[in-house]
There are 2 protein chains.
Amino acid sequence: MGSVSRALNNYPHVSEELKNRVMAAALELGYQPAFLAHSLRRGETNSIGFLVGTIANPVIATIFEAATEVLADNGYAITLVSSRNKADLDIAYLRLLASRQVSGLIVSSAAESQDRSSALINNLGIPTVMLDRSIPYGELVYAVQSDHFSGVKEAVSHLIDQGHRQIAFIGGPKNFYPTQQRFLGFKKGLDEAGIPLRGELIRFTSFTETDAFAEALVLLRHHPLPTALIVAGNIILIGALMALQDRDLIVGRDMAVVACDDMSLTRLYRPSITTISRDLNLLGKTAARLLLRGIQDKKRRTERIIKLPTKLIIRESSNYNRRDWTE
Amino acid sequence: MGSVSRALNNYPHVSEELKNRVMAAALELGYQPAFLAHSLRRGETNSIGFLVGTIANPVIATIFEAATEVLADNGYAITLVSSRNKADLDIAYLRLLASRQVSGLIVSSAAESQDRSSALINNLGIPTVMLDRSIPYGELVYAVQSDHFSGVKEAVSHLIDQGHRQIAFIGGPKNFYPTQQRFLGFKKGLDEAGIPLRGELIRFTSFTETDAFAEALVLLRHHPLPTALIVAGNIILIGALMALQDRDLIVGRDMAVVACDDMSLTRLYRPSITTISRDLNLLGKTAARLLLRGIQDKKRRTERIIKLPTKLIIRESSNYNRRDWTE
DNA sequence: ACATTTTCGGAAATCGTTTTCTGAACGTTA
DNA sequence: TAACGTTCAGAAAACGATTTCCGAAAATGT
């Protein structure tokens, strides 16, 4: 009945007395509005879709959890789909989320090419935040990105300060946004120091440990060996470390290493590993807040792209001289 | 209209020709049944709720992703909520999922006590799979568990074979199912070898690295020092390794270590770490399949509990004699 | 030729809410 | 007293599908 609905939804033209009566009755009967009927009539589901390349990557999982916290506090539930790094699943899952009528989307899938999914996202008409992915061109599409470019550039300067001249780079797929940005920073860093780029010291790989291992081995077969290695990606790091161990190269002594993203592995490894770190929590929360604004502001007054800083954490792996870990 | 619905849903009494015509028209218009209306009438949402303690734990994330794959193949979408290891959020989130009318639940939250959430789950009337958690008593509640008991018992035997007599144990919260089972296996293993249990060599901690670090330090302050350490939990392992490094104890040489769950850290650490491994993929897929059967079979003919095996992977950290990692 | 079954379009009920509308009761003000 | 605004109950439409029902047309069987 009309008055009850007005009372429950705090609408005008309803007395305190009635409101209390309705509330009491609702509590008594344990009444909760049926989600489906509510959403059907209201036209929004209060749920947002989250597409990731894989949630098994702790970096993504941490970002997701941070975003989730903000969204949950605002009454949204998150339906998470993982494309397991398969581009065709990406678009299938986007369609799935759209058909579920989500109120918003956060996308951090790992397809090497974003072309098809970007086009789809633009057509969906759903407010979307691209999380650490390419710049969007759609009306309702926003982005939160880390400043990988500056991070790697800074790391290169650091290595050069340490006396390194032969610096190698290994990263994920070449067109994958973070890898791409990191590689640009790598080139810029070398360029500013007047060091020529050596193509044979650059490898791009897929997201699997075994691929990264194989590519890193290729890299470590060159003569003369590079003296430093920048590893762009936390999964890639595992493969790279395996390759270094396989070639009996001691990290820090035989090969300086700079990784990306600070995780338990980089902190616990002996020697500890220098990394280009970023605030994953902030990244996730910023993405969530940006999306919430995107959903509310239909006028599109919010800024489209937010770029967050990185921070170089220098540890033993790139700092052999003041090491205290050898015996 | 009636016929169209019959055609789309593959009901009897509809000719091939009409079916084709309807399909073509649906394709042409890009028609997709509106999720909300569909679910409202059908009385089921084709979505399942997944509650975890934290998705930032790679073990849970891997299990989740495996389960997700099976569920997605069967047309279900997953709404994931993470209670960030807070027990009160557990029940709030369970209510949230219930109010969203999910068709099924998978629960792997990390509350130290399951009492309140278990009671709630029993009242919900939603088919539920407890994932590596305590035995359920409700009608529609199922469980998939790993055989942590046997795993740790086997590990203890292995350590005793290696000559160890002073074996320490550090794990998560005492009432947390995996920790509890592992501790029982630990006691059983010692008991069978006639070795008395020393209370000062046993520590239980929370899920944070820093807590685990502190508790491990307490453990490593005892004289005489234990010669072997069983670490029950992958987050706990990080704290334990930090503590060992802090006390300048070399893993494998000064202290044998057995961890739980095989991850990149246990494989990459030098010396490599012996672990009680299990098939996380199988665990997730089994949980998903069990839930699907639970949703379909209203007769309750499916078995209630599935227990999956563990496998001891012996590496250098517990096998000092044939080590090849020292110089 | 008649009875029976299959096919299929249209009308209507249903799912559980929100929203809108109508009308009655009541109090206030001019 | 007439006019007006507030409060509230109940009726009814809407959201977009599924499902049931009815009846007409066509196909099939005897």
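Below, chains carry the letters A, B, ... as their sequence lines are ordered, and counting in each starts from 1.
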* **Partners meeting side-chain contact (heavy atoms from CB on, under 4.5 Å) with B/K307 (sequence neighbours left out)** =>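 B/K307 satisfies side-chain contact (heavy atoms from CB on, under 4.5 Å) with B/Q145, B/D147, B/Y177 only.
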
To the nearest Å, give me how far apart [atom1] ([X]) and [atom2] ([N]) are.
X: B/L36; N: D/dG16; atom1: CG; atom2: P; answer: 10 Å
X: A/Q101; N: D/dC15; atom1: CD; atom2: C1'; answer: 10 Å
X: B/L40; N: C/dG16; atom1: CG; atom2: P; answer: 7 Å
X: A/E44; N: D/dA14; atom1: CD; atom2: P; answer: 22 Å

* Given A/V144, which of A/I106, A/V129, A/D132, A/L291 fulfils the side-chain contact (heavy atoms from CB on, under 4.5 Å) condition? ->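 Exactly one pass, corresponding to A/V129.
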
* **Result of checking B/I48, B/D73, B/N74 against B/L292 for side-chain contact (heavy atoms from CB on, under 4.5 Å)** =>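 It is B/N74; the other options fail the test.
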
* Considering the terminal five base pairs at each end of the helix from C/dA1-D/dT30 to C/dA30-D/dT1, what angle separates the two local helix axes, rounded to 10°? ->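 Here the helix ends are tilted 40° relative to one another.
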
* Asked: Which nucleotide, C/dT17, D/dC15, D/dT19, lies nearest any side-chain atom of B/R42?
  ->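 Selected nucleotide: D/dT19.
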
* B/P33 side-chain proximity, nearest of D/dC15, C/dT17, D/dA17 ->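 Comparing D/dC15, C/dT17, D/dA17 against the side chain of B/P33, the answer is D/dA17.
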
* Does B/R41 make a side-chain donor-acceptor contact with the base of D/dT18, cut-off 3.5 Å? ->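 Check passes, donor-acceptor contact within cut-off.
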
* Is there a side-chain polar atom (N or O) of A/H38 under 4.0 Å from OP1 or OP2 of C/dG16? ->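 Checking A/H38 against C/dG16: no side-chain N or O falls below 4.0 Å of OP1 or OP2.
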
* Under the ring-ring contact (aromatic ring centres under 6.0 Å, His included) test, residues paired with B/F35 that sit two or more places apart ->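 So B/F35 forms no ring-ring contact (aromatic ring centres under 6.0 Å, His included) with any residue.
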
* Taking the side chain as C-beta and beyond, is there a heavy-atom pair between B/N57 and B/I235 under 4.5 Å? ->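 Yes - at least one pair of side-chain heavy atoms lies under 4.5 Å apart.
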
* Asked: Atom CD1 in B/I55, atom CZ in B/R84: separation rounded to 0.5 Å?
  ->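 Taking CD1 in B/I55 and CZ in B/R84, the distance rounds to 13.0 Å.
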
